Protein chains: 2
Amino acid sequence: MSTTRAKARKNARPEVVYHKLRELIVRGQLAPGARIVETDVASRLGVSRTPVRGALQRLNQEGYIVESPRLQQSRPMVAPLTREDAHELFFIVAEIEGLAARLAAMKPAKERDGLVKQLTAINDDFHRAAQARRQDHNKLWELDENFHRCYVEAGAGPRLMALHDAVKPQAERYERLYVSLLARDLATSVTEHRTIVRAIKSGSPDAAQEAVQTNWRNAAARLGSVIESVGERGSW
Amino acid sequence: MSTTRAKARKNARPEVVYHKLRELIVRGQLAPGARIVETDVASRLGVSRTPVRGALQRLNQEGYIVESPRLQQSRPMVAPLTREDAHELFFIVAEIEGLAARLAAMKPAKERDGLVKQLTAINDDFHRAAQARRQDHNKLWELDENFHRCYVEAGAGPRLMALHDAVKPQAERYERLYVSLLARDLATSVTEHRTIVRAIKSGSPDAAQEAVQTNWRNAAARLGSVIESVGERGSW
DNA sequence: TGGAACAGAATTGTATACAATTTCTCCGCA
DNA sequence: TGCGGAGAAATTGTATACAATTCTGTTCCA
């Protein structure tokens, strides 16, 4: 579990390599299946292989990169996007964020009030952005992300938070796919979000957990029906 | 999430360093709070710092070691054991294994039959081992571990399995504490295990998930009431 | 033509030297 | 005695050289 939360250690080189690569993978500029070569990355970013190695190992542990099933050496490549993977991943997120929502709904009413206000505001923005003539996929993704992060941060303790931080980013690639491929279907998400907010507002742990899980599981189903191996894309 | 499942790559040096250190930490021979020095480990195990670094990074990501100061260098030390940490960790395991149990309970009856037989056998062994005059803590831990692993493997897909593999080992330190400190209270566990088996046997997803979660949450509560900062222990 | 084998290139694994940073120690001084 | 600081020791960060492994392309033989 990445206990390794966003390290404050900004200038650490493995850190910047990690973020650069992760960004490229998540945005699809480094295509699923693409090979990653330590020396290339190192020379492109102007560092030696040592920090690159650290970054690669982390990306591997976090599932962005997989190792070709070779024997003695690893030969890493960008993890592919599959329907099954998306499904399982979203179900896992459903559990984690569901638990966080349950905990958030158990907070004293006073705390919940502020949270509910925030959530409502974000979801309204999300609604508007979804209805806009010219949709901004980037912004849509960010708003959805914020919505979920909001109640997770309110409910989760450090350990659950760390788990969330370890797992959730892996869903980012699929979430971006979601808003791209299902741009017209986002009204459903708005409604599901409202259900979550209501449950937290009324302080119903069971309902909150249920609502979050439903939201994610439905998303998994919707995405699964349109993801057909979004093949090679972009290069670097 | 350690997508990095137990690598078949046996002879890989980072792998053996990782396992050696992990074992020492989990068994308490490397005390919570103890500093870990790359060069020491390297010379003790007869390798250079490079593979040690890999192992250390992984142990860090998996939560076995933490970085003490917020400076520019890491200075890793063995993660301490606390009541709060145990509580949160067990609740997380409750979610993960609960989900796995739910999925296991949804398998066709034919598959479930074999599973139920296995689970019953293990739990009976566990029962006997718990009642033995001279308890073998090591064996007790292993049996409990097997019991849970059994239904998890039956129900979980690769991603959930990977998540489980990433999180569960971190609970090992607390589980061993549990069987040591609560040796006389293990009958309760046997009973809770029986409830799990019944739910899977009857193919009730809700009941199975609930039973697993109850088992872990109760364990968290029981452990929490006796864990009092099990201070420094052992050295290397 | 097809395939096996070999040579060379490409790539990762490991060790080690050096640089940067942190911690420790001990001495001076009030 | 206690505090502060300078310099030494310890420790981690980075780069790089070399070793081990895997991949690629070509040649040679059936």
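Chain letters run A, B, ... following the sequence lines, proteins first, then strands; residues in each count from 1. Atom set for the values below is all heavy atoms of this structure, side chains included, hydrogens, waters and symmetry mates excluded. On a predicted model such as this, the values are computed, not experimentally measured, just so you know.
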| message | Between the side chains of E15(A) and K20(A), is the shortest nitrogen-to-carboxylate-oxygen separation below 4.0 Å, so that they form an ion pair? | response | no

| field | Interatomic distance where CD belongs to E15(B) and P belongs to dT14(C) [whole Å] | value | 11 Å

Output a table of donor-acceptor pairs, distance under 3.5 Å, between side-chain atoms of residues 90-98 of chain A and any protein atom two or more places apart or on a different chain; print 'none' if there are none.
| unit_1 | atom_1 | unit_2 | atom_2 | d |
| --- | --- | --- | --- | --- |
| E95(A) | OE2 | Q213(A) | NE2 | 3.3 |
| E95(A) | OE2 | R217(A) | NH2 | 3.1 |
| E97(A) | OE1 | H148(A) | ND1 | 3.1 |
| E97(A) | OE1 | Y151(A) | OH | 2.9 |
| E97(A) | OE1 | W216(A) | NE1 | 3.0 |
| E97(A) | OE2 | H164(A) | NE2 | 2.7 |
| E97(A) | OE2 | K168(A) | NZ | 3.0 |

| said: Looking at S48(A), I'd like to know whether one of its side-chain N or O atoms comes within less than 4.0 Å of OP1 or OP2 on dT14(D). | reply: no

| Contacts of R222(A) that satisfy salt bridge (charged side-chain N to carboxylate O under 4.0 Å, His left out) - sequence neighbours left out | E192(A)

| Can you find a side chain N or O atom of T50(A) that sits less than 4.0 Å from OP1 or OP2 on dT14(D)? | no

| query | Can you list the residues that meet the salt bridge (charged side-chain N to carboxylate O under 4.0 Å, His left out) rule with E23(A), with sequence neighbours excluded? | reply | R27(A)

| field | For R22(B), all residues meeting side-chain hydrogen bond (donor to acceptor under 3.5 Å, both in side chains), sequence neighbours excluded | value | Y64(B), E172(B)

| field | Interatomic distance where CE belongs to M77(A) and P belongs to dT22(D) [whole Å] | value | 17 Å

List, with names and distances, any nitrogen or oxygen atoms from the protein found under 3.5 Å away from nitrogen or oxygen atoms belonging to nucleotides 10-12 of chain C.
| unit_1 | atom_1 | unit_2 | atom_2 | d |
| --- | --- | --- | --- | --- |
| dT12(C) | OP1 | I36(A) | O | 3.1 |
| dT12(C) | OP2 | E38(A) | N | 3.1 |
| dT12(C) | O4' | Q73(A) | NE2 | 3.2 |
| dT12(C) | O3' | S74(A) | OG | 3.4 |
| dT12(C) | O2 | Q73(A) | OE1 | 3.0 |

| request: Could you tell me the separation between the CZ atom of R13(A) and the P atom of dA19(C), rounded to a whole number of Å? | output: 14 Å

| field | Under the salt bridge (charged side-chain N to carboxylate O under 4.0 Å, His left out) test, residues paired with R112(B) that sit two or more places apart | value | none

